[in-house]
Trainee: 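Mind having a look at this structure? Questions to follow.
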Amino acid sequence: MTAPSPFHTLPRKSATFDDYTLSEIRRAAATGIYDIRGGGTKRKLPHFDDLLFLGASMSRYPLEGYREKCATNVTLGTRFAKKPIELKIPVTIAGMSFGALSAQAKEALGRGASIAGTSTTTGDGGMTPEERGQSQTLVYQYLPSRYGMNLRDLKKADAIEIVVGQGAKPGGGGMLLGQKISDRVAEMRSLPKGIDQRSACRHPDWTGADDLELKILELREITDWEKPIYLKIGASRPYYDTALAVKTGADVIVLDGMQGGTAASQDVFIEHVGIPILSAIRPAVQALQDLGMHRKVQLIVSGGIRNGADVAKALALGADAVSIGSAAMVALGDNDPRWEAEYQALGSTAGAYDDWHEGLDPAGITTQDPALAARLDPVAAGRRLANYLSVMTLEAQTIARACGKSHLHNLEPEDLCALTLEAAAMAQVPLAGTGWVPGRNGF
Amino acid sequence: MTTFDLETKTVRDLNAALHRLPLTGSAAPFQILNPNGEHSIAVGVDADVEIAIDGPVGYFCGGMCRQARITIDGNAGQGVGENMESGLIHVKGDASQSAGATGRGGLLLIEGNASARCGISMKGVDIVVKGDIGHLSGFMAQTGRMVVFGEAGESLGDSLYEARLYVRGPVASLGADCIAKEMRDTHRAELYDLLTAAGEAGRVDVGEFTRYGSARQLYTFHVDNAGAY
């Protein structure tokens with residue numbers, strides 16, 4: 001037997017086969033099934049952090065903080081609806097289903113949104129009385145599965161959001177594994193209790209934009225042309241998808257980037273399908289402008305919105321409002337370090353817990369277990385969400401005033417610069433300190 | 001009797017009038033003349049009312065209706081009776097694709113043929129088709145019953161949940177997790193009741209039908225089913 005060499009380099013791990021990759025290969029080999037998890041993409045992407053506001057200086061005149069007004073209201077659904085949605089702030093709560101979330105969490109979202117003067121949205125599971133009762137403005141999602149969809153709830157809604165796709169999984173349907181199909185969830189979805197539910201990814205009664213135009217017409221007729229009709233799409237081909245959405249007659253387009261979360265999907269889908277929201281806003285706005293519909297068909301963007309700076313940047317790029325899901329869950333109490341011992345027991349840690357599909361959430365949010373769900377006080381959690389929404393709004397106002405804007409909607413791309421070439425190219429704003437916008441004027 | 005002539009009034013006028021009907025108590029019947037294939041006729045109606053449509057209709061006729069009893073004296077376009085919750089929709093001609101899609105209750109009776117995806121994602125509705133049905137019918141059908149006097153196209157009942165499908169004629173192929181099942185007395189009685197509701201009791205022999213339902217092999221994720229997901 002040959003003696004080991006006394007000369008070694010330090011052990012070096014592969015950048016390609018890093019520890020996470022190795023663990024996934026071992027997991028796949030042991031189980032034979034793809035990894036399913038909740039949340040959005042975890043990879044690093046070009047994002048709003050790669051943009052900066054220029055602020056006011058010699059050529060721009062700022063507004064005084066605390067004295068000069070910077071308005072934040074937004075009206076959604078002005079194109080055709082008789083009763084557009086009036087919101088005090090341009091930050092809405094994204095669709096998250098009862099089933100994926102506990103009834104307490106849904107109620108808390110409604111409470112928080114109502115305090116803040118914004119809307120919340122149902123999800124792939126129907127409308128619960130708790131949610132309707134606590135939501136001043138409630139958007140009712142119309143999904144391929146049509147779980148829980150019924151006429152009387154539709155008439156109780158303030159707006160309808162037809163879901164074509166979502167950023168976490170453009171082209172994919174939902175999942176709700178058996179652990180979360182409780183008696184109540186099963187009844188609302190007309191499914192056997194305890195099965196692994198696979199939602200369809202295609203709507204059952206329309207195919208393509210021409211059909212969808214007629215579907216929207218039907219929903220308008222059913223609701224007597226009162227309610228705004230949103231169309232939610234996962235960011236993938238934003239210019240053409242937006243143009244087609246306008247063609248179908250939607251009042252509002254919801255554009256969800258790949259950072260947007262999901263209750264449960266294949267990890268490979270979350271990480272490898274769709275595009276970042278930063279790269280999707282300008283093409284969507286361009287399509288609206290080319291059709292003369294910018295500000296007439298409102299644009300809500302979502303996917304990784306975390307703070308008032310993100311809100312301001314999204315609006316400066318041309319959006320009318322943003323939507324938050326993952327961040328709202330964190331405000332309720334998701335992934336709170338107070339539950340660290342229990343996260344550890346589940347093989348995770350606070351900040352990384354994403355096995356929402358298992359229904360064992362220590363924070364009581366992504367579960368149907370009555371004991372766990374009871375941990376979430378909907379009143380207190382709703383208050384936290386309202387506080388967070390208020391902070392986001394104040395932050396966005398602070399930035400807008402610094403840019404000399406008396407309304408958040410007056411922010412514009414000319415207020416921005418980019419820190420990286422990628423962000424400059426995607427957001428179509430100049431690289432910081434230069435006048436260079438990659439791709440513009442042939443360069 | 002309230003008569004609406006869609007050559008002189010609009011679908012909007014019609015639906016607005018239907019939506020003004022009270023939720024409870026019987027309303028005077030409606031007759032709709034010259035529908036001419038218009039879309040969204042009599043949608044979202046929530047009233048105990050007879051609606052007679054004198055001719056062919058376009059997309060989504062009777063969509064999301066409760067209580068109403070609608071008769072279409074002609075062919076129906078895509079999505080007739082989609083998400084209907086109760087009442088009756090009687091199509092005297094043929095129906096295009098996605099008839100009764102996601103229907104939650106009531107009876108959809110089609111005298112002629114129904115195209116592809118009939119009863120897709122149905123959630124409690126009863127559907128009786130006196131002719132044939134197209135491919136992918138009963139896809140992801142959750143609950144409810146579908147009766148077909150004629151033939152069924154390819155991939156019948158693909159990814160079926162607990163809906164029960166009764167087909168008299170040949171089936172081109174079964175979809176994933178859909179199998180032929182034994183006809184027990186309860187099923188024969190159930191089928192007889194459906195035939196009665198369709199006005200065919202005693203004229204069609206329940207013994208000529210085959211019952212199809214879920215094999216329930218795809219109800220939980222399993223590595224050996226990967227090819228079927």
Side-chain angles (χ1 to χ4, degrees), chain A residues 28-34 36 142-155 173 175 177-179 181 186-207 210-226 264 266 357, chain B residues 11-12 14-16 18-20 23 39-46 58-61 63-66 77-80 82-85 97-105 117 119-124 139-140 142-144 159 161-163 214 216 218-226 229:
Chain A
T31 66
I33 193 92
Y34 38 48
I36 295 172
Y142 192 83
L143 291 120
S145 71
R146 312 276 164 88
Y147 291 136
M149 175 55 56
N150 66 82
L151 178 63
R152 291 184 178 174
D153 283 348
L154 190 73
K155 293 196 169 187
M175 287 183 176
L177 300 195
Q179 300 94 318
I181 308 282
E187 183 184 350
M188 283 185 70
R189 299 186 184 213
S190 310
L191 286 169
K193 183 183 177 186
I195 66 157
D196 290 337
Q197 170 231 298
R198 300 152 284 148
S199 294
C201 57
R202 295 197 299 262
H203 280 261
D205 54 355
W206 61 268
T207 310
D210 291 336
D211 280 1
L212 178 55
E213 188 172 350
L214 299 178
K215 171 53 68 176
I216 289 176
L217 178 68
E218 183 205 9
L219 292 172
R220 290 200 191 282
E221 282 294 324
I222 289 172
T223 56
D224 293 309
W225 290 72
E226 290 182 350
Q266 301 92 330
H357 56 287
Chain B
V11 171
R12 179 81 289 271
L14 169 67
N15 285 324
L18 290 167
H19 295 171
R20 284 193 292 270
L23 291 178
H39 308 302
S40 302
I41 291 177
V43 294
V45 180
D46 190 357
Y59 278 45
F60 306 127
C61 180
M64 294 196 83
C65 278
R66 293 172 65 101
Q78 188 165 323
V80 63
E82 66 86 15
N83 213 80
M84 61 184 288
E85 294 178 39
Q97 59 184 345
S98 300
T102 75
R104 318 186 84 84
R117 303 181 189 87
I120 181 172
S121 197
M122 53 194 275
K123 296 169 169 58
F139 175 71
M140 293 186 91
Q142 294 175 223
T143 61
S159 305
Y161 290 103
E162 292 299 306
S214 176
R216 304 188 181 105
L218 300 182
Y219 275 18
T220 52
F221 288 108
H222 189 276
V223 57
D224 295 329
N225 291 335
Y229 292 134

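Lettering follows sequence order; numbering is per chain, from 1.
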Trainee: Around A:E226, counting heavy atoms of other residues, nucleotides and ligands shown, do more than 12 lie under 6.0 Å from its CD?
Mentor: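 Yes, because the 6.0 Å sphere around CD of A:E226 holds more than 12 heavy atoms from other groups.
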Trainee: With side-chain contact (heavy atoms from CB on, under 4.5 Å) as the test, would you mind laying out the steps for A:R202 and B:I120 before giving the verdict?
Mentor: CA-CA 11 Å; A:R202 295 197 299 262; B:I120 181 172; over 6 Å; no
Trainee: Heavy-atom distance under 4.5 Å to chain B: side chain of A:P192, backbone, both or neither?
Mentor: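 It is the side chain, since no backbone atom gets that close.
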Trainee: Residues in ring pair (Phe, Tyr, Trp, His ring centres under 6.0 Å) with A:Y147, at least two apart?
Mentor: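 In terms of ring pair (Phe, Tyr, Trp, His ring centres under 6.0 Å), with neighbours along the sequence ignored, A:Y147 is linked to no residue.
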Trainee: Between A:E221 and B:R12, does the side-chain contact (heavy atoms from CB on, under 4.5 Å) criterion hold? Intermediate values first, please.
Mentor: CA-CA 7 Å; A:E221 282 294 324; B:R12 179 81 289 271; 3.0 Å; yes
Trainee: Please report the shortest heavy-atom distance between B:K123 and A:S145, naming the atom on each side.
Mentor: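 Smallest interatomic distance, heavy atoms only, reads NZ-O, 2.7 Å.
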Trainee: Measure the spacing between CD1 of A:I222 and SG of B:C65 and express it to the nearest 0.5 Å.
Mentor: 7.5 Å
Trainee: Output the option from A:E218, A:K155, A:R189 having the highest count of non-hydrogen pairs under 4.5 Å with chain B.
Mentor: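 Top count of heavy-atom pairs under 4.5 Å with chain B: A:E218.
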Trainee: Name the member of B:G124, B:G79, B:G58, B:G44 that forms the most heavy-atom pairs with chain A at distances under 4.5 Å.
Mentor: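 Highest number of pairs under 4.5 Å: B:G44.
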Trainee: Quick one: list whatever passes ring pair (Phe, Tyr, Trp, His ring centres under 6.0 Å) with B:H19, sequence neighbours left out.
Mentor: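 Partners of B:H19 by the ring pair (Phe, Tyr, Trp, His ring centres under 6.0 Å) criterion come out as none, since no residue qualifies.
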Trainee: Taking all non-hydrogen atoms of both residues, which atom of B:R117 and which atom of A:P204 are closest, and how far apart?
Mentor: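 So the minimum-distance heavy-atom pair works out to CD-O, 4.4 Å.
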Trainee: Quick check on B:V11 against chain A: is it the side chain, the backbone, both or neither that has a heavy atom closer than 4.5 Å?
Mentor: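 B:V11 touches chain A through backbone and side-chain heavy atoms alike.
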Trainee: Looking at chain B, which one of A:L217, A:L191, A:L154 has the largest number of heavy-atom pairs inside 4.5 Å, strictly under?
Mentor: A:L191
Trainee: Run the numbers on B:M64 and A:M149 for side-chain contact (heavy atoms from CB on, under 4.5 Å), then give the verdict.
Mentor: CA-CA 9 Å; B:M64 294 196 83; A:M149 175 55 56; 3.7 Å; yes
Trainee: Highest number of heavy-atom pairs under 4.5 Å with chain A: which of B:D46, B:T143, B:L14, B:N15?
Mentor: B:D46
Trainee: With side-chain contact (heavy atoms from CB on, under 4.5 Å) as the test, would you mind laying out the steps for B:R104 and A:S190 before giving the verdict?
Mentor: CA-CA 9 Å; B:R104 318 186 84 84; A:S190 310; 4.1 Å; yes
Trainee: Can A:K215 be said to sit on top of B:Y59's aromatic six-ring, NZ or CZ under 6.0 Å from centre and within 45° of the ring axis?
Mentor: no
Trainee: For A:R146 and B:E82, which heavy atoms make the closest approach, and how far apart are they?
Mentor: NH1-OE1, 3.8 Å
Trainee: Do B:E85 and A:N150 pair up side chain to side chain, a donor and an acceptor below 3.5 Å, judged on atom types alone?
Mentor: no
Trainee: Verify side chain to side chain donor-acceptor pair (under 3.5 Å) between B:Q78 and A:D205, making sure each step is shown before the conclusion.
Mentor: CA-CA 7 Å; B:Q78 188 165 323; A:D205 54 355; over 6 Å; no
Trainee: Ignoring hydrogens, what is the shortest heavy-atom contact between A:A200 and B:M140? Give both atom names and the distance.
Mentor: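 The answer is CB-SD, 3.9 Å.
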